[in-house]
2 protein chains.
Amino acid sequence: MPNDDPIARLLKAFNDIQNLSPEVEYKFAELCKSIEVKKHQNLQSIGQTCRTIYFVNEGAARIYYYKEDKDVTEYFAFENDLIIRAESLFTGKPSHKAIQTLKDTSFIAIPAPPLFELFDQYHDLERLFRKLLEKSYVETINRLESLQFQTAEERYQTLMTKSPVVVREIPLKHIASYLGITQVSLSRIRATIT
Amino acid sequence: MPNDDPIARLLKAFNDIQNLSPEVEYKFAELCKSIEVKKHQNLQSIGQTCRTIYFVNEGAARIYYYKEDKDVTEYFAFENDLIIRAESLFTGKPSHKAIQTLKDTSFIAIPAPPLFELFDQYHDLERLFRKLLEKSYVETINRLESLQFQTAEERYQTLMTKSPVVVREIPLKHIASYLGITQVSLSRIRATIT
DNA sequence: CAATTCCTTTTACAAATGTTAAATAATCAG
DNA sequence: CTGATTATTTAACATTTGTAAAAGGAATTG
């Protein structure tokens, strides 16, 4: 498989987490679909129940929602990152969140129901997704800790260290809401630390 | 098995999530150990790498850490709740968090390494833990959303609705840090809404 | 049950962040 | 390239939350 094949690339990234047999890789690849989305388009919109698991192949995307008409970014995803609206996918309830591209982006889309069926036969595939889930869970707990008792400035400093790509490539208004503050407030913080 | 046997009770709760064969139940039960801890004692202390998965059988506990000498509660656990320091258990790094009882509490302790080994043979057990993880992940995402853009008062209102048991039974200082505010601030909020 | 300790509230003031509006700066489309 | 749109910064003021200290309540222990 050529390495510029998005699915091959994803499988390669998976192998650092969990070894998959060629057979599973084949069955998994059968489910995958490549999707190209232009900048600032919604991949999934608010109100749908999420039944698809996405990985970013190239580009960047975010999960966002509206809190009293204000656009709030919950999550940023870059190359090889998993992007799911977990609170809908794992509960079957409609999501009040949407997925939007931040630039021209190609995704790999995996319909969840057939993937979950594959788990019955392919233990290692279920394990892979368990481990991906562990990783996302740990990341979320770390963000929770940061939101719970760090000041806005500390959170911004942490973000600059941990995800310089976000600070470099994402509009400030999205970063601000991601950090739980207003754009004006973030602007002020940047003025003091520079 | 009598229903006041903690392990039997836990297995019963598991069955609402994922059916387990009698064989797995037996193997799982072999790993479980009951632990009784008096009120305000640490079950696990700061600095250890976490290799144990706990469930609360009876009583209540919290995960907490120190942010610049201030005690911050990250999580509350009650009957049948899973209580793990995921950021350590899933990464192998030492935890800067501790687990402490809020009253006399009995836990079921499961050493993680042999549990994870059981996953190789017992697919349904791994699936159960995957689903428990999904549940915890969704809860954490919901808390993240609440911390990200709700006011302190909204977060308190949400907590009163979603977890009245917390508001009823837990000292306010712990609730305050759980909500990401000071005790004084929470006291003020309570004064305005009552 | 008295004393001690811990928990919660209140007060006064300080600091951080939000709100609104306007001014720049940067980007995009024709 | 130019006007229009979008993004970012700045300013002034309002509100929320934090800090420190004190006082009142509740719970625990000897």
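Model, not experiment: these values are computed from the prediction. Worth knowing before you read on, the calculation uses all heavy atoms, side chains too, and leaves out hydrogens, waters and symmetry mates.
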Colleague: Once you round it to whole Å, what is the distance between P of D:dA27 and CD of B:Glu169?
Modeller: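 After rounding, the reported distance stands at 14 Å.
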Colleague: For A:Asp5, is there an ion pair with A:Lys12 - N to carboxylate O distance below 4.0 angstrom?
Modeller: no
Colleague: Please encode protein proximity along nucleotides 24-30 of chain C as a string of B, S and -, counting only heavy-atom distances under 4.0 Å.
Modeller: ----S--
Colleague: Assess whether a salt bridge exists between B:Asp104 and B:Lys39, defined as any Lys/Arg side-chain N lying under 4.0 Å from an Asp/Glu carboxylate O.
Modeller: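 Salt bridge: no.
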Colleague: Could you tell me how far apart A:Glu153 (CD) and D:dG18 (P) are, to the nearest whole angstrom?
Modeller: 17 Å
Colleague: Using whole Å, report how far CD of B:Glu68 lies from C1' of D:dA20.
Modeller: 17 Å
Colleague: In whole Å, I'd like the distance from the CD atom of B:Gln150 to the P atom of D:dT17.
Modeller: 12 Å
Colleague: Please state whether the rings of B:Phe116 and B:Phe119 are parallel, tilted or perpendicular, taking 30° and 60° as the class boundaries.
Modeller: tilted
Colleague: Once you round it to whole Å, what is the distance between C1' of D:dA27 and NZ of B:Lys103?
Modeller: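 Atom-to-atom, B:Lys103 to D:dA27, this comes out as 15 Å.
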Colleague: Starting at CG of A:Leu179 and ending at C1' of C:dA16, how long is that distance when rounded to a whole Å?
Modeller: 15 Å
Colleague: Quick check on C:dG18: is either OP1 or OP2 less than 4.0 Å from any side-chain nitrogen or oxygen of A:Thr182?
Modeller: yes
Colleague: Are A:Arg143 and A:Tyr178 in a cation-pi contact, defined as NZ or CZ under 6.0 Å from the six-membered ring centre and within 45° of the axis?
Modeller: yes
Colleague: Apply ring-ring contact (aromatic ring centres under 6.0 Å, His included) to A:Phe90 and list each qualifying residue two or more places apart in sequence or on a separate chain.
Modeller: none
Colleague: Using only heavy-atom distances, determine whether the side chains of A:Lys131 and A:Gln18 contain a donor-acceptor pair under 3.5 Å.
Modeller: yes
Colleague: Roughly how many Å is it from OH in B:Tyr156 to P in C:dT8, rounded to a whole number?
Modeller: 10 Å
Colleague: Describe, in one word, how the ring planes of B:Tyr66 and B:Tyr64 are oriented to each other, choosing from parallel (under 30°), tilted (30 to 60°) and perpendicular (over 60°).
Modeller: perpendicular
Colleague: What string of B, S and - do you get for nucleotides 6-16 of chain D 5' to 3' if you count protein non-hydrogen atoms under 4.0 Å?
Modeller: -SBBBBB----
Colleague: Measure from CD1 on A:Ile181 to P on C:dT19 and round the result to the nearest Å.
Modeller: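 So the two atoms are 12 Å apart, to the nearest Å.
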Colleague: Under a 4.0 Å threshold between the charged nitrogen and the carboxylate oxygen, would B:Lys27 count as salt-bridged to B:Glu23?
Modeller: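 The answer is no: the pair does not qualify as a salt bridge.
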Colleague: Does B:Lys70 make a side-chain N or O approach to OP1 or OP2 of D:dG18 shorter than 4.0 Å?
Modeller: no
Colleague: Scan A:Leu11, A:Leu115, A:Ile110, A:Ile53 and name whichever one has a side chain to side chain contact (heavy atoms under 4.5 Å, CB included) with A:Cys32.
Modeller: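 Between A:Cys32 and the candidates, side chain to side chain contact (heavy atoms under 4.5 Å, CB included) is satisfied uniquely by A:Ile110.
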